[in-house]
Amino acid sequence: MMLVVFTAFLGYDLKTAVGTSTFIMTFTALIGFVAHSMINPAIVLERWNVLIICIVVATTASLISARFANRVDNKTVGLTTGVILTILGACMIYLNYFVDMQIPAVVSEILYTLGILIGFLIVAVALALLLFKMFHIGGEARRKILHTISFLIILVIMLTSKHWYIPAIICIIFTIVVYPILWFFEKNPLYQDLFQQRRQGEVKNSLILLFGNATLLITLFWGLLGSEITVIASILAWGLGDEAAALIGKSYGKHHIPIHDHKKTYEGSLAMCIVAFIAIIVTMYVGQISLLKSILIALVGSIGATIIEAISIKGYDTVTVPFVTAIIIFIMLL
């Protein structure tokens, strides 16, 4: 309401209106906190862990959003503010009127998982931006941090869903929502500075490949074949293994594999094999597969994933590695 008054009636530009309203809310929030804490000290004494989370998240988000707002134009600030307020409004309606709305169970589970996903993204992105700023992280390390967030999204929605079709649907929804946003901001200098693309449209194309392939893996191996652990293990083997291959290969790789453009190295492939092996064996063992069988599956799966990664070109390892690894793991689980 303050934004409406400041912009529509007082003629403030959007950045000044947002800053002024936030400044005012700081004092109202402080007064409210002190008053409620005096009425019910349990807020501080018993729920201190929630209080700390709120303080850390709010402070981090404030610093990041302030820097963002100072670097973009009013149109971008307005669009971003509108999207965030719309999402928050929808969440408030859902949480306050859930019982009265009588939402079907499937829709309820989708909304619940989306809520978890949004919370994860807020925390993960805030931490990533904080790391980039504090330690001046760039280049391949920055790309791989964002890469980690991407494949963790799939694991988060899988682990918080009871049925296979929920993460499959959310992968599709996520792609439909995020792709236009990436397209809209792609020409913004901040976009390139954040993602550091190797070629035009790389992030958009990777989004479609990653979440399209995840939808296929979930539908086929979890939905039709009933093996959720296969999907989790294959995604972890690819995600963590690919990061190890890139970081070790670029930093210490000296012996190039004579395939394609000769950019991949034996050192990077060895790092991927080791990390993929660990990822698969841990996943299998946690999934209550015997230790001996877990070792065998991890050994064959990691070698297969490494070979496929080495021969894949133009970023298609996002599809080929997890899919082939999933086939190997599923066959060996039989």
Side-chain angles (χ1 to χ4, degrees), residues 124 128 131-132 135-155 192 194-214 217 230-284 294-329 332:
L131 286 173
F132 297 162
F135 300 101
H136 305 289
I137 297 174
E140 194 65 27
R142 172 177 293 197
R143 288 169 55 86
K144 291 309 172 183
I145 290 176
L146 296 174
H147 172 269
T148 301
I149 295 174
S150 299
F151 78 79
L152 284 180
I153 288 172
I154 300 168
L155 295 179
Q192 183 60 36
L194 175 62
F195 292 108
Q196 299 186 353
Q197 298 184 108
R198 292 172 179 165
R199 54 187 175 274
Q200 187 70 20
E202 180 188 15
V203 175
K204 294 186 301 183
N205 295 335
S206 296
L207 173 77
I208 295 176
L209 289 175
L210 175 59
F211 287 94
N213 188 51
L217 286 172
T230 296
V231 184
I232 294 174
S234 62
I235 290 175
L236 276 175
W238 163 74
L240 297 176
D242 182 67
E243 289 183 358
L247 295 174
I248 298 299
K250 288 183 180 296
S251 300
Y252 305 102
K254 296 181 180 179
H255 303 87
H256 295 274
I257 301 174
I259 300 176
H260 306 309
D261 53 12
H262 293 203
K263 289 184 178 180
K264 297 181 179 180
T265 64
Y266 287 108
E267 290 85 353
S269 293
L270 178 61
M272 174 169 184
C273 190
I274 294 172
V275 172
F277 175 85
I278 296 172
I280 296 173
I281 194 173
V282 170
T283 306
M284 293 294 113
S294 297
I295 294 173
L296 184 60
I297 293 173
L299 182 62
V300 178
S302 59
I303 293 174
T306 302
I307 294 173
I308 296 300
E309 194 276 337
I311 63 176
S312 298
I313 59 174
K314 296 181 179 179
Y316 287 109
D317 58 310
T318 303
V319 176
T320 57
V321 174
F323 198 81
V324 172
T325 306
I327 293 174
I328 294 172
I329 292 173
M332 297 192 69

Leu217, Leu209, Leu210 screened by side-chain contact (heavy atoms from CB on, under 4.5 Å) with Asn213, the one that passes: Leu217
Residue pair Gly249 / Thr265: nearest heavy atoms and the distance that separates them: CA-OG1, 3.5 Å
Apply the test side-chain contact (heavy atoms from CB on, under 4.5 Å) to residues Phe211 and Ile153: give CA-CA distance (whole Å), side-chain angles for both, the deciding distance (0.1 Å), then the verdict. CA-CA 10 Å; Phe211 287 94; Ile153 288 172; 3.8 Å; yes
Here the gap from Ile311 atom CD1 to Tyr316 atom OH, rounded to the nearest 0.5 Å, amounts to 15.0 Å
Below 4.5 Å, heavy atoms only, C-beta onward: do Phe277 and Thr306 meet side chain to side chain? no
Before you tell me yes or no, could you show the steps for Lys144 and Asp242 under side-chain contact (heavy atoms from CB on, under 4.5 Å), namely the whole-Å CA-CA distance, both residues' side-chain angles and the distance that decides it to 0.1 Å? CA-CA 9 Å; Lys144 291 309 172 183; Asp242 182 67; 3.0 Å; yes
Considering all heavy atoms of both residues, which atom of Ala276 and which atom of Ala237 are nearest to each other, and what is their separation? CB-O, 3.8 Å
Evaluate Leu146 against Phe132 for side-chain contact (heavy atoms from CB on, under 4.5 Å), listing each step before the verdict. CA-CA 11 Å; Leu146 296 174; Phe132 297 162; 4.2 Å; yes
Apply side-chain contact (heavy atoms from CB on, under 4.5 Å) to Glu202 and list each qualifying residue two or more places apart in sequence or on a separate chain. Arg143, Gln197, Arg198, Arg199, Ser206
Minimum heavy-atom separation for Ala279 to Leu240, with atom names? CB-CD1, 4.2 Å
For Ser251, enumerate each residue passing the side chain to side chain donor-acceptor pair (under 3.5 Å) test, keeping only those at least two apart in sequence or located in another chain. none
To the nearest 0.5 Å, atom CD of Glu267 lies from atom NZ of Lys254 at 8.5 Å
Do you know which two heavy atoms are closest between Pro322 and Ser234, and how far apart they sit? O-CB, 3.3 Å
Between Lys264 and Ser312, is there a donor-acceptor pair closer than 3.5 Å when you use the side chain of the first and the backbone of the second? yes
Interatomic spacing from CD1 in Ile327 to CD1 in Ile308 - rounded to 0.5 Å: 9.5 Å
Which residues pass the side chain to side chain donor-acceptor pair (under 3.5 Å) test with Ser150, sequence neighbours left out? none
What is the distance from atom OG1 of Thr325 to atom CD1 of Ile297, rounded to the nearest 0.5 Å? 12.5 Å
side-chain contact (heavy atoms from CB on, under 4.5 Å), that's the test. Do Ile281 and Ile295 meet it? Break it down for me. CA-CA 6 Å; Ile281 194 173; Ile295 294 173; 3.4 Å; yes
For Gly239 versus His147, what's the shortest heavy-atom pair and its separation? O-CE1, 3.2 Å
Out of the candidates Ile280, Val282, Ile154, Leu155, only one should pair with Leu236 under the side-chain contact (heavy atoms from CB on, under 4.5 Å) rule; please name it. Leu155
Out of curiosity, Ile248 CD1 to Met272 CE, how far, rounded to the nearest 0.5 Å? 13.5 Å
Check for a donor-acceptor pair, side chain of Gln196 on one end and backbone N or O of Gly139 on the other, with a separation under 3.5 Å. yes
CD1 of Ile303 to CG of Leu299: how many Å apart, nearest 0.5 Å? 4.5 Å
Would the distance check show the side chain of Glu243 and the main-chain N or O of Thr148 forming a donor-acceptor pair, the cut-off being under 3.5 Å? yes
